[in-house]
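Heads up: the structure comes next, in structure tokens.
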Amino acid sequence: MTVRVRFAPSPTGFLHVGGLRTALFNWLFAQKMGGTFILRLEDTDQKRYTPGGVRAIVEGLQWLGLQWNEGPDKASLRQMQGDEDWAGAPDVGGPYGPYIQSLKVKRHQAAAQELIEKGMAYRCDCTAERLAQVREGQKARKEQTRYDRHCRFKQPGEVDPNQPHVVRLAVPLEGSTTVHDLIRGEITVDYSQLDDFVILKSDGFPTYHLAAMVDDHDMQITHVLRGDEWLPSLPRHYLIYQAFGWEPPAFAHLPVILNPSGKGKMSKRKATSADAVFVTEFRDEGYLPEALRNFLALVGWAPGSGNEQEIFALDELIQLFSLAHVNPAPAAFSYDKLDWMNGMYIRALPADELAKRIYPFLIKAGVEVDTERLLKITPDIQERLVTLSDAVEATDFLFVEDVSPNPVQLIGKGLTKESTLAILKQAEQIIDAFEPFEAEPLELAFRSAAEAAGMKPGPFFTPMRVAVTGKAVSPPLFGSIVALGREKTIARLKNAQQLLAG
RNA sequence: GGCCCAUUCGUCUAGCGGACUAGGACGCCGCCCUCUCAAGGCGGAGAUCGCGGGUUCGAACCCCGCAUGGGCCA
């Protein structure tokens, strides 16, 4: 049997890193097993739907390179609440559609009906007031609050199907069930812990429990890899499969991702405002998708067996991935390590490719980019970038008319105004006619100049650096000068001299 | 409150009964390299394997309690 897995997010408007990680593991597992990766939109809970939610999911997955084999087509996307439709909308489709939960409500209702007929579920018309009363009585007696199964033993027809009611699953009154998790092993739960939970709400919509199980079955899902927060409801899900007489898929519950502090689930509210949580934020801050993907693969998973590698090409990741090496313990999200990894990926990029990726970040920052200069400086800033957006600050001096050096920085440590002026003047003269106008020969020339002046290169270069780039910390000086061009360099050297003299 | 899951350096992890003087990575510290900043190289500190009991000739590894953290439900 071929493996079929699914990623089934709610279109809430954002794709959270936790969700992305779940998607990644599903995708990796599918690739590894030569299986099918399915995208399904779980939009049944109307409250959680926000316009643009589908888009956030689609773009997030595509950005990371997680293409699905089956999923919503354009027509059903258009039918969906909110009339989701945009130019880049995916049109994947597949034989087990629709892949949008709200479009299957009829199917879910029929499924509930089927269970009623089988005697595995029943209609319940208990009012909210009665339910509250029962709950309070239980509280007063310090019992577990749960539905008291009042309607379970009513005569057939006693609950009017045409009046508002819910449908509840008839949970076995005694005994226990053993559920299996691929990561944690067997878990036994006593039926007395479960109550007759609702599978169809009074508005006719299915609950998650019913809808997801029916859809998983309809789509012939073989492995459910989902967040660990679903583990407590696994017994209910087994019960639903049993009620229908279906064979349940294999389940694997992935550990949650915790805040960097390790306290509490990773969330926007708990994270420092600067910390990214949503996929779009990582993208906009200049993380490379391949770096985030590599990093995310390592939260909760490691190749194991003595393999200490951490940077993986995609095909290696697929090759090595295994559920057996998923760590069941929750893991804190380390921005430090992500930063390091992003830097590794940036340095591994060919320079022209890097320049291409940097370009949109400069444009977005309002920079008037001179492509030729960008191309020239890229190799010099490559090992200095943590994220792509760092390039804005690293290259700003190249794309403005003038810089405004700070006189205090201009006169470096151990220098005077006079000696600084002399250095700038000399620099101007050397650069004026220097050939070839390339970083290495320039550097050699200036090194001999420094030596002739009886100075170490560092202090000698400082006034030039500040004059040309406007700051004390910059990319390598001669690469910067070459990228800027002879004319502008000389103008800035003159400018700095004027600044000091005046 | 009930139930479920988890627990190895600050963090991510390797480890599946003897190979552990517990390995690697991020971060941190130091040195080297060096035109600033990085990157890179080398080295260092950092874990009585949450605690207590068992099982065993032998336990980070198996079992039981407890504690703590997390999650779900209310």
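The basis for the numbers below is simple: all heavy atoms, side chains too, and nothing from hydrogens, waters or symmetry mates. In what follows, every chain begins at residue 1, and chains take the letters A, B, ... in the order their sequences are listed.
- Residue contacts for A:Arg184: at a heavy-atom cut-off of 4.0 Å it reaches the sugar-phosphate backbone alone, with no base atom in range.
- B:U21 makes up no base pair with any nucleotide shown, lacking Watson-Crick or G-U wobble contacts both under 3.5 Å.
- Searching all strands for a Watson-Crick or G-U wobble partner of B:C72 with both distances below 3.5 Å returns B:G2.
- Heavy atoms from other residues, nucleotides or ligands lying under 6.0 Å from CD of A:Gln309 number more than 12.
- Classification of A:Glu451 and A:Lys456 as a salt-bridged pair fails, no side-chain N sitting under 4.0 Å from a carboxylate O.
- Atom-to-atom distance recorded for A:Arg168:CZ and A:Leu200:CG is 12.0 Å, nearest 0.5 angstrom.
- Here A:Ala472 lies in heavy-atom contact (under 4.0 Å) with a base.
- Residue contacts for A:Ile381: at a heavy-atom cut-off of 4.0 Å it reaches no nucleic acid atom on any strand shown.
- Between B:C49 and B:C5, the distance separating the two P atoms is 25 Å to the nearest Å.
- B:C9 and B:A25 are spaced 12 Å apart, taking the C1' atom of each and rounding to whole Å.
- A ring-centre distance under 6.0 Å is not found for A:Phe446 and A:Phe434.
- Checked against B:C4, B:U36, B:A6, the side chain of A:Arg384 finds its nearest nucleotide in B:U36.
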Kindly give the atom pairs (protein nitrogen or oxygen, nucleotide nitrogen or oxygen) under 3.5 Å for nucleotides 72-74 of chain B.
| from | atom 1 | to | atom 2 | distance (Å) |
| --- | --- | --- | --- | --- |
| B:A74 | O2' | A:Thr145 | OG1 | 2.7 |

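- Here, B:A39 and B:A19 have their P atoms 38 Å apart, quoted to the whole Å.
- Proximity note for A:Leu231 (side chain, C-beta onward) versus B:G2, B:U36, B:C5: the nearest is B:C5.
- Here the CZ-CH2 distance, from A:Arg236 to A:Trp230, works out to 10.5 Å after rounding to the nearest 0.5 Å.
- For the P atom pair drawn from B:A60 and B:C51, the interatomic distance equals 11 Å after rounding to whole Å.
- Using N1 to N3 plus N6-O4 or O6-N4 for Watson-Crick, or N1-O2 and O6-N3 for G-U wobble, each under 3.5 Å, B:G58 pairs with nothing.
- One N or O on the side chain of A:Asn294 and one on the backbone of A:Phe312 form a donor-acceptor pair closer than 3.5 Å.
- Shown here are the salt bridge (charged side-chain N to carboxylate O under 4.0 Å, His left out) partners of A:Lys471, two or more places apart in sequence or in another chain: A:Asp396.
- Spacing between B:C72 and B:G30 at atom P, rounded to whole Å, works out to 43 Å.
- When heavy atoms are screened at a 4.0 angstrom cut-off, A:Pro475 is found touching base atoms of the nucleic acid.
- Sequence neighbours left out, the pairs with a member in residues 185-196 of chain A that pass side chain to side chain donor-acceptor pair (under 3.5 Å) are A:Tyr122-A:Asp196, A:Arg149-A:Asp196, A:Arg152-A:Asp196, A:Thr178-A:Thr188, A:Asp190-A:Ser192.
- With a cut-off of 3.5 Å on both pairing distances, the Watson-Crick or G-U wobble partner of B:U7 is B:A67.
- For A:Phe251 and A:His180, the gap between ring centers reaches or exceeds 6.0 Å.
- Judged by Watson-Crick or G-U wobble contacts below 3.5 Å, the nucleotide B:A14 has no partner.
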Intermediate values then yes/no, ring-ring contact (aromatic ring centres under 6.0 Å, His included), A:Tyr359 and A:Phe361: CA-CA 5 Å; A:Tyr359 185 79; A:Phe361 284 83; over 10 Å; no

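- For the segment residues 318-332 of chain A, the set of residues with a heavy atom within less than 4.0 Å of an atom of RNA chain B comprises A:His325, A:Asn327, A:Pro328, A:Ala329, A:Pro330, A:Ala331, A:Ala332, in numerical order.
- Residue pairs satisfying the side chain to side chain donor-acceptor pair (under 3.5 Å) criterion with at least one member in residues 405-416 of chain A, sequence neighbours excluded, are listed as follows: A:Thr416-A:Ser419.
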Heavy-atom protein contacts under 4.0 Å, nucleotides 18-32 of chain B, coded B base, S sugar-phosphate only, - none: -----BSBSS-----

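- Remark: A:Arg347 fails to qualify as a cation-pi partner of A:Tyr345 under the 6.0 Å distance and 45° angle criteria applied to the six-membered ring.
- A:Leu298 comes within 4.0 angstrom of sugar-phosphate atoms only, judged by non-hydrogen atoms across all strands, and of no base.
- B:C31 is paired with B:G41 under the criterion used here, namely a Watson-Crick or G-U wobble arrangement in which both key atom distances are under 3.5 Å.
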Residues A:Tyr147, A:Phe197; criterion ring-ring contact (aromatic ring centres under 6.0 Å, His included); working and verdict: CA-CA 8 Å; A:Tyr147 180 60; A:Phe197 57 96; over 10 Å; no

